[in-house]
Engineer: 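Can you keep this structure in mind? I'll have questions shortly.
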Amino acid sequence: MNDFKLPRTEEDNKNYKNPDNDPKGLWRSGDVRSPSLRDTLKFNIIAPDGTVINPPDNGWRWSKESIEEKIRTKEIIFKPDNSGIIRKIYLANQNGRTPENVWYGENSGTTREANSEIKELFGSSVFSTPKPERLLQKIIQIATNENDIVLDFFMGSATTPAVAMKMNRRFIGIEQMEYINTIAVPRLQKVIEGEQGGISTDVNWQGGGSFVYAELFPKNMGYLQDIIHSNTTEELKSVYKRMLQGNDTDEPADISFRADLSKIDWAEGFYENKRLLVKLLDKNGLYYNYSEIDDKNVRDLVSDEDYAFNKAFYEGGE
């Protein structure tokens with residue numbers, strides 16, 4: 001991790017000078033005042049000619065001992081007229097620039113720019129408020145180093161993973177909406193092919209790389225979808241039966257411990273029972289956990305190919 005710093009530019013360094021030919025190089029003056037009121041840091045400093053320098057209203061930034069040490073090392077010098085002190089901040093000690101704000105200012109992009117990037121990729125605006133690649137570039141630049149893993153819980157149009165790939169970062173993207181197959185995955189495929197939108201020119205992106213796309217193995221999620229897409233009471237009854245008993249291809253559903261099966265009354269009507277069946281499902285069991293993969297009932301549902309893929313994905317290896 002890079003301590004949340006941006007690369008320095010010529011603009012960031014323009015205030016560093018070396019008027020006294022300091023062998024440590026370019027420097028600028030820094031604040032010597034305490035940022036808050038500190039009565040214990042209110043003391044006088046005696047200049048070389050005997051001039052008494054009074055403390056600022058809030059006191060000095062450092063203790064008397066620290067200031068004396070900084071004067072000895074010449075990190076603090078006296079003004080030419082001995083009316084005050086100057087703290088030197090050396091350019092050589094700066095390993096980046098602390099960002100004041102990533103949302104505004106130059107090189108952060110705009111929503112209009114983001115919409116143009118999406119239109120160039122897909123021919124239309126598929127999201128109302130996409131993020132520009134330049135904004136994600138700045139955020140990833142601040143928070144990560146090359147080869148770090150960028151995690152995006154809500155991948156959307158895959159701007160974050162796309163920028164991560166172009167900046168030589170690894171990524172994990174998560175999305176539950178169906179447009180992952182029509183927007184996110186195709187976009188990343190275009191990145192691999194070397195698309196030249198967004199930040200591609202800035203980072204000299206030439207394409208390459210790879211990613212693995214996988215879907216969670218549905219458990220209760222399958223039943224939930226079946227309930228949602230049922231159109232008649234008879235269809236609901238069929239789903240309910242499978243939820244309780246399972247069949248050749250499905251295990252029984254995980255029923256919520258709060259569920260009261262006596263509440264099911266088909267005479268209540270289609271919509272009431274549809275709502276109740278949704279409530280019956282344990283929402284913590286929407287998908288199979290990897291920890292269950294070797295359970296006999298689960299293993300029988302997983303192909304040998306998918307079993308090997310899961311082992312490699314979670315435990316490493318080929």
Side-chain angles (χ1 to χ4, degrees), residues 111 115 118 122 124-131 151-161 172-188 212-307 309-310 313-314:
T111 299
N115 276 313
I118 296 296
F122 299 106
S124 62
S125 295
V126 292
F127 286 87
S128 58
T129 56
K131 305 300 182 290
L151 177 59
D152 185 358
F153 281 106
F154 305 98
M155 192 159 61
S157 61
T159 302
T160 300
I172 299 173
I174 301 170
E175 183 55 66
Q176 65 176 350
M177 306 303 288
E178 292 183 357
Y179 52 66
I180 190 172
N181 292 304
T182 57
I183 302 298
V185 169
R187 180 176 190 171
L188 295 179
V212 174
Y213 169 59
E215 294 184 356
L216 295 177
F217 188 16
K219 190 176 187 182
N220 278 358
M221 177 57 77
Y223 286 114
L224 178 60
Q225 293 297 319
D226 288 344
I227 294 169
I228 291 172
H229 293 107
S230 292
N231 295 309
T232 66
T233 297
E234 290 306 312
E235 290 178 357
L236 280 182
K237 287 181 178 180
S238 176
V239 175
Y240 180 59
K241 181 179 179 180
R242 285 192 292 112
M243 286 169 57
L244 297 182
Q245 301 175 7
N247 59 21
D248 293 340
T249 58
D250 297 311
E251 278 194 300
D254 284 346
I255 303 298
S256 171
F257 71 91
R258 299 184 181 89
D260 183 356
L261 297 182
S262 67
K263 293 285 187 180
I264 296 293
D265 180 358
W266 299 110
E268 288 289 328
F270 172 73
Y271 291 105
E272 178 62 20
N273 283 293
K274 192 172 191 178
R275 183 181 65 82
L276 286 174
L277 260 60
V278 171
K279 290 181 68 175
L280 286 181
L281 292 171
D282 181 358
K283 305 309 183 295
N284 291 320
L286 293 179
Y287 300 96
Y288 286 98
N289 292 319
Y290 176 68
S291 60
E292 301 173 324
I293 197 169
D294 287 313
D295 292 350
K296 182 180 185 306
N297 291 338
V298 179
R299 180 66 185 89
D300 290 342
L301 301 174
V302 181
S303 70
D304 290 343
E305 182 181 8
D306 287 343
Y307 182 83
F309 172 80
N310 275 272
F313 184 83
Y314 285 103

Engineer: Are any side-chain N or O atoms of Asn220 and backbone N or O atoms of Asn284, one a donor and one an acceptor, separated by less than 3.5 Å?
Structural biologist: no
Engineer: Looking at Ile228, is its backbone amide N or carbonyl O close enough to the side chain of Lys274 to form a donor-acceptor pair, meaning the two atoms are under 3.5 Å apart?
Structural biologist: yes
Engineer: Tell me if a side-chain donor or acceptor on Glu292 pairs with a main-chain N or O of Tyr288 at a distance below 3.5 Å.
Structural biologist: no
Engineer: Would you sort out whether Arg242 and Asp226 count as a salt bridge (Lys or Arg N to Asp or Glu O under 4.0 Å), showing the intermediate values?
Structural biologist: CA-CA 10 Å; Arg242 285 192 292 112; Asp226 288 344; 2.8 Å; yes
Engineer: Would you say Asn273 and Thr233 make side-chain contact, with heavy atoms under 4.5 Å?
Structural biologist: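 Not touching, per the 4.5 Å side-chain cut-off.
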Engineer: If the condition is side-chain hydrogen bond (donor to acceptor under 3.5 Å, both in side chains), which residues does Asp260 pass it with, not counting sequence neighbours?
Structural biologist: Ser262
Engineer: Donor-acceptor pair, Ser256 side chain versus Arg258 backbone, under 3.5 Å?
Structural biologist: yes
Engineer: Can you confirm whether Pro130 sits close enough to Asn115 that some side-chain heavy atom of one is under 4.5 Å from a side-chain heavy atom of the other?
Structural biologist: yes
Engineer: Taking the side chain as every heavy atom from C-beta outward, state whether Lys131 and Thr160 have any pair of such atoms under 4.5 Å apart.
Structural biologist: no
Engineer: Side-chain contact test, heavy atoms from C-beta onward, threshold under 4.5 Å: evaluate it for Leu224 versus Val278 and give yes or no.
Structural biologist: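 A side-chain contact exists here, since the closest heavy-atom pair is under 4.5 Å.
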Engineer: Under 4.5 Å between any side-chain heavy atoms of Asp254 and Leu281, yes or no?
Structural biologist: no
Engineer: Check salt bridge (Lys or Arg N to Asp or Glu O under 4.0 Å) between Asp300 and all other residues, then give those that pass, not counting sequence neighbours.
Structural biologist: Lys296
Engineer: For Asp250 and Tyr223, which I'm curious about, is there any donor-acceptor pair between the side chains at under 3.5 Å?
Structural biologist: no
Engineer: Spell out, as yes or no, whether a donor-acceptor pair under 3.5 Å connects the side chain of Asp265 to the backbone of Ala267.
Structural biologist: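 Here the side-chain-to-backbone pair exists.
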Engineer: Does any N or O in the side chain of Arg299 come within less than 3.5 Å of the main-chain N or O of Val302, such that one atom is a donor and the other an acceptor?
Structural biologist: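 Such a contact is found between Arg299 side chain and Val302 backbone.
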Engineer: State, yes or no, whether a side-chain contact exists between Leu280 and Tyr240 at a heavy-atom distance under 4.5 Å.
Structural biologist: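 A side-chain contact under 4.5 Å exists here.
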Engineer: Looking at side-chain heavy atoms only, is the closest gap between Leu236 and Ser230 below 4.5 Å?
Structural biologist: yes
Engineer: Verify, without hydrogens or angle tests, whether Lys219 (side chain) and Phe217 (backbone) share a donor-acceptor contact under 3.5 angstrom.
Structural biologist: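 Flag not set: sc Lys219 to bb Phe217 has no pair under 3.5 Å.
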Engineer: Walk me through whether Glu268 and Lys263 qualify under salt bridge (Lys or Arg N to Asp or Glu O under 4.0 Å).
Structural biologist: CA-CA 10 Å; Glu268 288 289 328; Lys263 293 285 187 180; over 6 Å; no
Engineer: Of all residues at least two apart in sequence or in a different chain, which pass the salt bridge (Lys or Arg N to Asp or Glu O under 4.0 Å) check with Asp294?
Structural biologist: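 Listed in chain order: Lys311.
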